[in-house]
Every structure is written in structure tokens, then in C-alpha cells.
Amino acid sequence: MKACFMGLGYIGLPTAIISSQHGINVCGVDINPKVVEKTNKGELHIVEPGLQDLLKKAVDSKSLVASTTPFESDVYLIVVPTPFKAKHEPDISYVESATKAVIPLLKEGDLFIIESTSPVGTTEKMAELIFAERPELKGRIHIAYCPERVLPGNVIFELVNNDRVIGGIDDASADAAAEFYGKFVTGQLHKTNCRTAEMCKLVENSSRDVQIAFANELSMICEKAGINVWELISLANKHPRVNILQPGCGVGGHCIAVDPYFISSAFPNEAKIIAQARSINNYKSEWCVEKAKNAILSFELENGKKPQVALMGLAFKPNIDDLRESPAMKIAKYLVAEMPDVKFNIVEPNISSHPDFDIVDFQTAFEQSDIVVYLTAHKQFFTLPQEANDKLILDFCGVIKK
Ligand code: SAJ
């Protein structure tokens, strides 16, 4: 079997590598020639634990070849980004152009799968596009939508072990796609139609966004009420049917802070909680900026000098080096730009340098600063003193549990 992966990013590349280990000849396609060149040299262009070795083996054994144009295959997978445009409307132009690139190669019996997070109706739209150009293939190829749900940092395990939702444009398409994923997925494969599968992906991330918004709202209420929100949540979670998530300085990454907009922009009158959760989680970052600014100004008033301020953590979640769409990063950039006279000690233990900031060691930053602002709960920070008489500690992510 030959499979062609359109898109060699954070999901396409690992999936291409894993499927190439299971007797599938894989062609990985990317429009970026540098990505193709690196991949063909066996060099990983993304950060994912354990993947480098697997890529090297796949390239050495020639079960994976990268290219800027697709090869004729039996299965085509679309794994390209779906960013959003102004007003938070999804931009499916990459899905469209990847689909157009494979249309001339399609033949009877082929399987065409979209994995990219997509607004509801995208798979049917792409089917129309295919049949408009190749009407003879109607009823003769299989088309399905099969979202991924892996957690960055644990991709190799989750790609194989997570259950998957397989949405066909008809039953035969769902069966064909399930047979394909059955070659390398040991989790259960749940068959449905393509619209349900598209919505399922959006709903999974929206559900998490709404739950985080609840925690973030509680954190702002508790601050006014003089209650420690982390103690409160841990006590409420002792109830057998309550499971509140953790507040933070906002929601980052490419998925949870994006996918809910695909629902709210398509269903503006109905998607009330989903839209509100997005606003709360975005507002939480502004709230953190205000708290930090007020603390800095109060210090200056009381001490007649500007404080040194440690900004602890830039990554979008704990214990990773991924700064993409990170609320901590946005807060740091904003404070540095707004308060040019303040000395900020910027800490990110998972990176050694950054083009915009001097990165300071976490212990030095803690010791030298008058105000310590925890933005990302990296494990290193839990080794620092939980309190200090000569410092004000602002904890936005639960490093100080007491
Ligand atoms: N966060 C909180 N409080 C929490 C949990 C998370 O503030 O209690 C924040 C994190 O700090 C981070 C953001 O949420 O800024 C997102 O982090 P995450 O670990 O919840 O999720 P991602 O973005 O790394 O991956 C998500 C996963 N989706 C779900 O858990 C429902 C993953 O399974 C998906 O595959 C991925 O999105 C995706 O590609 O859609």
C-alpha cells in the first residue's frame, strides 16, 4: 500500500513516520522545500520526544520519502493547517489547495482522508471539488474525515493508542478509512458520518476551553473574595462528580484557543457558552498584565525605585519548549514593551536563547527580583522557596499551592 501525506507538520510528519513502520510506503509532501530537504536527510524539523530516531530509521529503510509534489498512491491524507482569518472565520484554503494537488492523481478504489481540523461541511465541499473535476470517480473512491487528537509531547504513544473517530461520506468510505487506520492504531476506531466527525474534533477542544474558562473565572472571583483558588478547586474536586480544571494566565497552543471559533463563527446565535469561554480565557491574560503592572507601580510608590521583576515561564504549557500562541509570551512581550524602564528577568528553563529576550536562569532571576510573576508552572519552579519576605510573588498558574 502507498500513502501520500499532504503536510509534514506537527501531526502529518509523526503520522507519516508511524504508518511507514507498518508496511505502508509513505510519500510525505510539504510545500516548504527546507522541510522536505531536512526530512529526506533524516533530520526532524519539529520538536517531539522520541521521533528523531524513528524518522532516521524510516528514511534509511526508504519506507518514507519526502517531496514537494505528491506521488501516485492508494491513500491520500490531508494534514495541513486550518488557521483563521480576520473575525475568527476558518481559512480552509490550505485544505483546498492540497486537495486540488491530488485530484489529477486519484484513481478508482483510492481513499482520500482529511485529518486537518475543519469547519463542519468541509469534507463534503472537498468531495464536490473532486467530483467536479473527476465526475467519473463518483461512487468509485472513498472519502473520509478522521481527526487526530494527540497531545503534543506524547504524540508517538497517543497516535497508536488513542481511539479515533472515522467519519465517511458514506458507509463504504468509513469502512475503508477504518481499515487503513487499523494498520497502525490499536485504540478503538469509531465509525460515523463526516459531519459528526468534523464537529466531534471541534467539540473536544471547545469542551476543554469551556472548562478552563470556568477555572479562570473562579480565579478572578477568588482574588476579589480573598480565597486561594487552588485550595478551593482541590477541595471542590473531592466531590465524586466534580472535576474542575486549573486556572492559568490564558489558553495557548494551536488547538484549544482556535477550534472553538470554528463553531462560534458558523453558529453565532447558538454558540453562547463557547464564545463566552473564548472571551474569558483571552481576558484572563489581560487581567494578569493589569495585576503585574499594578504590583510594579505600587512597589515604585512604596520604595521610590523601580523593582526588578522575574517573569517565570514563556511556554504555552508546563514542561515544554513550545512558545507558539503562548499567553505567557504575550504577557511578557506586553510588559517589556509597556514598561521599558523596568528590569525584567525573563525565564524559560526549556530554551537556551530567544531572539527578543535575554533568558535568565530561574534561580538567579528569583534571587535578584523584587517581584516574581509565575506565568507557566514548569517543574523547576516548584523547587524555589514558596515564600520570601523580601519579595512579592504573583502566582497565575498554581506554583504556590499554600
Ligand atoms: N490549560 C489550563 N488549565 C488546565 C489545562 C490546560 O489553563 O487545567 C491551558 C494550558 O496551559 C495551555 C492550554 O490550556 O495553554 C492548552 O493545553 P492542553 O494541554 O490542554 O492542550 P493542547 O493544546 O496541548 O492539546 C489539545 C488536546 N485536546 C484536548 O485535551 C481536548 C489534544 O488532545 C488535541 O489533539 C490538541 O489540542 C489538538 O491538536 O487539537
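Order of appearance sets the numbers: ligands from 1, and atoms from 1 within every ligand. Model, not experiment: these values are computed from the prediction.
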Check your understanding: Under 3.5 Å, is there a donor-acceptor pair between the Ser61 and Ser63 side chains?
Key -> yes
Note to self: Please tell me whether Asp170 and Ser173 have a donor and an acceptor in their side chains that are separated by less than 3.5 angstrom.
What the structure shows: yes
Among Pro247, Pro147, Gly252, Cys249, the residue with a heavy atom nearest to atom 16 (C) of ligand 1 is Gly252
Nearest non-hydrogen contact to atom 3 (N) of ligand 1 from the set Glu325, His254, Gln246, Arg149 belongs to Gln246
| message | Closer than 3.5 angstrom, by distance alone: can the side chain of Asp395 be matched with the main-chain N or O of Ile400 as a donor-acceptor pair? | response |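 Yes, the answer is positive, given that a donor and an acceptor are paired below the 3.5 Å cut-off.
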Hits for ring pair (Phe, Tyr, Trp, His ring centres under 6.0 Å) against His354, two or more places apart or cross-chain, chain-then-number order -> Phe357
Would you say [X] has any N or O atom under 3.5 Å from an N or O of ligand 1, going by distance alone?
X	result
Glu204	no
Val150	yes
Pro327	no

Among protein heavy atoms, which sits nearest to [atom], and what does the distance come to when rounded to 0.1 Å?
atom	result
atom 11 (O) of ligand 1	Phe316 O, 3.2 Å
atom 24 (O) of ligand 1	Lys317 NZ, 2.7 Å
atom 21 (O) of ligand 1	Ile256 CD1, 3.4 Å
atom 25 (O) of ligand 1	Leu151 CD1, 3.6 Å
atom 28 (N) of ligand 1	Asn205 OD1, 2.9 Å

In ligand 1, which numbered atoms sit nearer than 4.0 Å to a non-hydrogen atom of [X]?
X	value
Cys255	36 (C), 37 (O), 38 (C), 39 (O), 40 (O)
Pro152	24 (O), 25 (O)
Val251	13 (C), 14 (O), 15 (O)

Checking Glu115, Glu158, Glu204 against Arg164 for salt bridge (charged side-chain N to carboxylate O under 4.0 Å, His left out), the one that qualifies is Glu115
Original post:
According to the interplanar angle, ranging from 0 to 90°, do the rings of Phe381 and Phe362 count as parallel (below 30°), tilted (30 to 60°) or perpendicular (above 60°)?
Top reply: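 Ring orientation of Phe381 relative to Phe362: tilted.
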- prompt: Relative to the ring of Phe180, is the ring of Phe5 parallel (under 30°), tilted (30 to 60°) or perpendicular (over 60°)?
  reply: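 Phe5 vs Phe180 ring planes: tilted.
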- Return the minimal non-hydrogen interatomic distance between Val29 and Pro70, and the atom names on each side.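 Minimum heavy-atom contact is CG2-CA, 3.6 Å.
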Pair Lys107-Asp74, salt bridge (Lys or Arg N to Asp or Glu O under 4.0 Å): steps then yes or no
CA-CA 8 Å; Lys107 58 181 185 317; Asp74 308 300; 3.6 Å; yes
How does [X] reach ligand 1, if at all, at less than 4.0 Å between non-hydrogen atoms: by side chain, backbone, both, or neither?
X	value
Ile212	side chain
Arg208	side chain
Lys201	side chain

- Give the C-alpha distance, both sets of side-chain angles, the deciding distance and a yes or no for side chain to side chain donor-acceptor pair (under 3.5 Å) between Glu223 and Ser219. CA-CA 6 Å; Glu223 213 257 352; Ser219 71; over 6 Å; no
